[in-house]
Amino acid sequence: MEQRIGSSSQPLEGAGFDPAFIPGLTSPASARTEEDGPEKEPEVAEAEEAAPEPEEQDTASSSSEPEEEDAAGDGPVFEASDRRARIVADHRGVRLCLDDQECEFRWDEIGAVETETARFGKRYTVTVHTPDRRWYPIEIEAPARSRFAEWDARLDAVLDAYFEDGAAESAEQDAEKEAD
């Protein structure tokens, strides 16, 4: 009599175990391995050899970006960071970074920017609100509580320069109507 060593159950396949199993997104992993036999390996080797060329192109494109930023970004800039989090607000918008996650908001995507300081401790919270009722908070640990006033002033200067508030626009329109 023949006996098998190991489990007699077959591995499960499906979206719960393999996200690539969902039809339309990609083919199942088991089908990909059969189709991608030894024919695909030379293409991988060619792609690895060609990899240094795009890096050279990236350095060329990154060297042209600062020139564009300098030309358009002569206004105020707010930047604050700690060991994990970073916020930058400039002519392009507001960028929030936490560890390896980043999000960027253009000025036309922002409904409001709110700041808050902790009653105790050294945490400075900046929350970006969008018009579709979503908010994105980020906490930055300040080196000292005295930095809060400086950061508020610098962030206000950036918001005054770049953020177009709907109330400010309506006030300008009202002033124009009164002048007529």
Side-chain angles (χ1 to χ4, degrees), residues 12-22 24-29 32-33 36 44 47-165:
L12 297 175
E13 287 189 10
F17 298 98
D18 183 13
F21 189 77
I22 299 173
L25 293 177
T26 59
S27 60
R32 272 198 318 257
T33 55
D36 295 345
V44 172
E48 290 175 359
E49 291 173 6
E53 292 175 0
E55 289 175 8
E56 293 171 6
Q57 292 173 355
D58 290 342
T59 56
S61 65
S62 65
S63 64
S64 65
E65 283 182 25
E67 293 171 3
E68 294 172 8
E69 287 183 22
D70 291 340
D74 292 336
V77 175
F78 170 74
E79 186 170 351
S81 63
D82 65 3
R83 59 186 166 76
R84 293 186 60 202
R86 184 172 143 226
I87 180 171
V88 177
D90 58 10
H91 68 281
R92 292 174 33 203
V94 178
R95 289 178 299 286
L96 307 175
C97 304
L98 181 64
D99 295 331
D100 62 342
Q101 303 296 313
E102 295 184 22
C103 59
E104 182 171 348
F105 302 95
R106 294 184 320 266
W107 288 113
D108 61 341
E109 296 176 325
I110 298 174
V113 177
E114 177 184 15
T115 62
E116 184 180 354
T117 58
R119 184 173 179 190
F120 302 106
K122 300 182 281 187
R123 293 196 186 264
Y124 184 75
T125 305
V126 177
T127 306
V128 176
H129 296 270
T130 60
D132 59 347
R133 296 185 181 178
R134 294 187 181 268
W135 61 93
Y136 302 88
I138 190 165
E139 289 185 343
I140 299 173
E141 190 169 336
R145 288 186 59 87
S146 61
R147 297 291 302 262
F148 292 160
E150 175 190 343
W151 284 353
D152 275 335
R154 288 180 28 215
L155 184 58
D156 284 343
V158 171
L159 293 174
D160 290 342
Y162 302 117
F163 185 63
E164 296 177 7
D165 189 13

E104 vs R92, salt bridge (Lys or Arg N to Asp or Glu O under 4.0 Å): CA-CA, chis, key distance, verdict: CA-CA 9 Å; E104 182 171 348; R92 292 174 33 203; 3.3 Å; yes
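Atom OG1 of T130 and atom CH2 of W135 lie 9.5 Å apart (nearest 0.5 Å). Rounded to the nearest 0.5 angstrom, R95 CZ and D90 CG are separated by 4.0 Å.
L159 places a side-chain heavy atom less than 4.5 Å from the side chain of W107. Within the 4.5 Å cutoff, side-chain heavy atoms of F105 are placed close to those of L96. In this structure, the side chains of L155 and W151 stay at 4.5 Å or more apart for every pair of heavy atoms.
Between the side chain of Q101 and the main chain of L98, no donor-acceptor pair closer than 3.5 Å is present. The main-chain N or O of R84 is found under 3.5 Å from a side-chain atom of D82 such that the two form a donor-acceptor pair.
Pairing each heavy atom of S81 with each of I140, the nearest pair is C-CG2, 3.9 Å. Nearest heavy atoms, V128 versus V94: CG2-CG1, 3.9 Å. Considering all non-hydrogen atoms of both residues, G111 and P131 come closest at N-CD, 3.8 Å. The nearest pair of heavy atoms linking A142 to F148 is CB-CE2, 3.6 Å.
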Validation: residues 113-125 side-chain donor-acceptor distances under 3.5 Å, sequence neighbours left out:
residue : atom : partner : partner atom : Å
E114    : OE1  : H129    : NE2          : 2.9
T115    : OG1  : D152    : OD1          : 3.3
Y124    : OH   : D152    : OD1          : 2.7

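The existence of a salt bridge linking R86 and E79 is confirmed by a sub-4.0 Å separation between a basic side-chain nitrogen and an acidic carboxylate oxygen.
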